[in-house]
**Q** 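What follows is a single structure, and I will ask about it in a moment.
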Amino acid sequence: MADRERKGIVARWLEGKERSEEYARSTLPTNRFSLFWDILKGRFGRLMLVNLLTLLFCLPLIAVIAWRYLAITVQGTIGPFGSALGVGYPAVPNAAGLAEWTLLQSDLFFFGMMVVASAIAAVGISGGMYIIRNLLWTEGVFVANDFWRGIKRNYFNVLEALLVFTVLLFVVRCMGNLADWLVALGAGYSGWLIASKVIGYVLLALSVPICLWMISLGVNYKQGPWALFRNAVVMTIGTLLQTIIFAALTLWPLFLVLFTGGFLMVIGVVFLILVGVSYMMLVWMDYSQWAFDRFINPNFGIATGRGLYNKDAKSGENTGAKAVATASDSAAIREYKRMIVAQGKSHLVSRPIKPIDDGVEVYQLSESFSRDDLRKLKESKAAMAEDVKNYENEHKDEEKYVEYNRQFEEREKALKEEDGKKKKPPRPPKMLNKRK
């Protein structure tokens with residue numbers, strides 16, 4: 001046997017294992033973690049293209065952030081509170097609170113601009129998140145067409161999420177700067193001012209996962225503005241620990257860029273330019289699909305595991321999505337059985353039907369006929385009906401008819417008993433109207 005070609009570590013990482021004829025089936029993703037790596041390896045070029053399109057619409061927001069950083073740096077250097085001439089030049093009699101007031105004035109402008117820029121960034125995020133969702137569902141993706149389709153379907157949901165965050169950021173930041181200014185002036189209630197600043201930043205931190213959930217819920221389900229916000233709060237509180245972990249795994253590139261410096265910031269910037277935005281959307285949407293499969297889709301009879309290979313399914317029966325959870329399967333099957341019971345027994349299956357090719361003929365009338373001919377026609381029809389009835393009585397005890405009637409009666413009895421014992425369940429939160 002010829003020696004196999006030994007490939008490098010990168011080639012083996014990209015191609016995976018090649019041990020048997022089951023290679024193709026064994027490498028299909030069966031969980032969300034493997035699906036994430038499968039998309040990251042196999043669709044890397046497409047992720048880079050999505051990253052580029054999304055960044056294109058985020059440029060105004062990035063420009064505002066960079067502009068603010070440069071403005072604050074310059075003000076800190078040339079302002080009367082930062083020069084080497086005592087209190088500065090020209091002379092300012094009292095510089096107490098001047099730095100805080102200057103920062104408040106700057107942030108009123110720049111954070112207000114961020115609210116406007118977020119409306120433009122929502123265009124790119126709505127299109128990018130729609131493509132990422134389709135990749136996770138293992139659907140065919142045409143980047144340009146799907147990007148535009150995602151904008152049309154998801155823009156207002158994404159815009160709502162970004163406005164909630166940026167408006168809250170504007171209020172919290174400006175109120176925090178106002179508190180700092182009053183404390184610098186020696187206000188007597190400084191303790192309450194600092195407490196209000198801390199509470200504001202806690203609410204801002206809590207709004208981050210809520211807005212992430214609003215985006216993923218808006219991309220997957222059709223909802224109104226209030227329902228979208230309420231459901232995002234429900235998902236955040238209901239999965240708080242997992243949400244915090246995956247929000248951190250999602251947003252670490254932004255953390256490197258915004259809250260570090262030097263080499264780490266350079267790594268974050270390069271990563272964001274190459275594939276960072278697509279990575280963040282992929283991580284969060286992958287986690288969101290897991291949460292939807294566990295907490296939402298089974299309750300509404302929506303198939304779970306979309307995009308995953310069901311290794312327990314028989315050959316030829318896997319459609320790329322796992323079956324609905326047991327509870328939802330049972331609900332769907334019960335509904336189907338109720339529909340069958342409501343329609344009644346099938347007369348074609350529940351009783352014997354005499355074949356039409358047994359040689360029995362109906363008396364034929366000629367073009368001119370008498371009363372006697374009509375009598376003979378009636379007698380022949382009565383004889384045929386009697387023959388059909390006799391045939392049914394002769395074959396009604398055959399196994400296939402007895403078994404069908406028995407199963408139908410048992411099904412009808414079981415459903416009636418179940419409906420009689422069934423209690424009114426607690427009404428769950430209205431998580432969605434319908435799947436997109």
Side-chain angles (χ1 to χ4, degrees), residues 13-14 16 27-58 121-147 149-151 153-154 157-158 161-162 208-209 211-221 232 235 239 242-257 267-294 304-309 320-321 436:
W13 176 68
L14 290 174
T27 54
L28 291 174
T30 57
N31 55 63
R32 293 293 170 189
F33 182 78
S34 61
L35 179 60
F36 166 80
W37 283 110
D38 185 72
I39 294 175
L40 191 62
K41 293 186 298 182
R43 303 293 185 93
F44 192 79
R46 193 155 294 180
L47 291 176
M48 292 183 65
L49 182 56
V50 174
N51 191 82
L52 179 62
L53 287 173
T54 308
L55 273 180
L56 182 64
F57 291 94
C58 293
V123 176
I125 295 175
S126 58
M129 289 292 274
Y130 182 74
I131 294 177
I132 296 298
R133 188 205 69 174
N134 290 348
L135 288 176
L136 289 168
W137 286 2
T138 62
E139 294 185 354
V141 172
F142 298 93
V143 175
N145 292 339
D146 288 343
F147 193 83
R149 188 177 295 111
I151 293 172
R153 292 188 177 188
N154 308 315
N157 291 330
V158 176
L162 293 185
V208 173
C211 293
L212 289 174
W213 275 118
M214 289 178 68
I215 293 174
S216 55
L217 282 166
V219 172
N220 279 267
Y221 307 103
M235 292 299 295
T239 61
Q242 300 96 318
T243 294
I244 291 175
I245 294 174
F246 280 93
L249 292 174
T250 299
L251 299 175
W252 67 264
L254 284 180
F255 179 85
L256 290 183
V257 173
I267 292 177
V269 170
V270 173
F271 184 68
L272 281 177
I273 293 175
L274 291 177
V275 74
V277 178
S278 294
Y279 160 83
M280 291 190 290
M281 293 190 292
L282 180 60
V283 171
W284 183 255
M285 283 299 292
D286 196 22
Y287 163 65
S288 298
Q289 295 302 317
W290 169 83
F292 297 154
D293 287 345
R294 184 168 184 180
T304 62
R306 190 166 182 177
L308 300 179
Y309 173 71
K436 282 190 178 180

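Below, all heavy atoms of this structure are taken into account, side chains as well, without hydrogens, waters or symmetry copies. Starting from 1, each residue takes its place in the sequence as its number.
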**Q** Please find the pair of heavy atoms, one from G128 and one from M281, that lie closest to each other, and give the distance.
**A** C-SD, 3.8 Å

**Q** Looking only at non-hydrogen atoms, find the nearest pair between C211 and A161 and report the distance.
**A** SG-O, 3.3 Å

**Q** If you round to the nearest 0.5 Å, how far is CD1 of I215 from CG of N154?
**A**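 So the gap between those two atoms works out to 10.5 Å.
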
**Q** Measure from the side-chain N and O atoms of R43 to the backbone N and O of L135, and report whether any donor-acceptor pair falls under 3.5 Å.
**A**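 Absent.
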
**Q** Hey, what do you get for CD1 (I131) to CG (N145), rounding to the nearest 0.5 Å?
**A** 9.5 Å

**Q** Tell me, please, which residues at least two apart from R294 pass salt bridge (charged side-chain N to carboxylate O under 4.0 Å, His left out).
**A** none

**Q** May I ask you to decide if Y130's main-chain N or O and R153's side chain share a donor-acceptor pair within less than 3.5 Å?
**A**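 Side chain of R153 to backbone of Y130: no pair is present.
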
**Q** For the CH2 atom of W252 and the CZ atom of F271, what is their distance to the nearest 0.5 Å?
**A** 4.5 Å

**Q** With a 4.5 Å cut-off on side-chain heavy atoms, are M214 and N157 touching?
**A** no

**Q** With sequence neighbours excluded, what pairs up with D286 under the salt bridge (charged side-chain N to carboxylate O under 4.0 Å, His left out) test?
**A**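 Result, salt bridge (charged side-chain N to carboxylate O under 4.0 Å, His left out) vs D286: none returned.
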
**Q** Is L272 close to L254 at the side-chain level, that is, under 4.5 Å between some pair of heavy atoms?
**A** yes

**Q** Are V158 and M129 close enough that some pair of their side-chain heavy atoms sits under 4.5 Å apart?
**A** no

**Q** Working to the nearest 0.5 angstrom, can you tell me the gap between I151 CD1 and D146 CG?
**A** 11.0 Å

**Q** Less than 6.0 angstrom separating the ring centers of F36 and W290, yes or no?
**A**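 Between F36 and W290, the centre distance exceeds or equals 6.0 Å.
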
**Q** Only counting residues at least two apart or in another chain, list the ones meeting salt bridge (charged side-chain N to carboxylate O under 4.0 Å, His left out) with R32.
**A**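 Scan of R32 (salt bridge (charged side-chain N to carboxylate O under 4.0 Å, His left out), adjacent residues dropped) gives D293.
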
**Q** Is the distance from the ring center of Y287 to that of W213 below 6.0 Å?
**A**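 Y287 vs W213: aromatic centres under 6.0 Å.
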
**Q** Between N31 (side chain only) and S34 (backbone N and O only), is there a donor and an acceptor less than 3.5 Å apart?
**A**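 Looks like yes, one N/O pair under 3.5 Å.
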
**Q** Which distance, rounded to the nearest 0.5 Å, do you find between the CH2 of W284 and the CG of L212?
**A**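 If I round to the nearest 0.5 Å, the distance is 5.0 Å.
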
**Q** Considering only heavy atoms from C-beta outward, does the side chain of N220 approach that of Q289 to under 4.5 Å?
**A** yes

**Q** Could you tell me whether the side chain of M235 reaches within less than 4.5 Å of the side chain of L217, counting heavy atoms only?
**A** yes

**Q** State which residue, out of L55, L47, T54, L53, fulfils the side-chain contact (heavy atoms from CB on, under 4.5 Å) condition with N51.
**A** L55

**Q** Minimum heavy-atom separation for S278 to I132, with atom names?
**A**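 Between these two residues, the closest heavy atoms are O-CD1, 4.3 Å.
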
**Q** Return the CZ to CD1 distance between F44 and I39, rounded to the nearest 0.5 Å.
**A** 13.5 Å

**Q** Going by heavy atoms in the side chains, are L136 and L35 under 4.5 Å from each other?
**A**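 When only atoms from C-beta onward are counted, L35 and L136 do touch, with a gap below 4.5 Å.
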
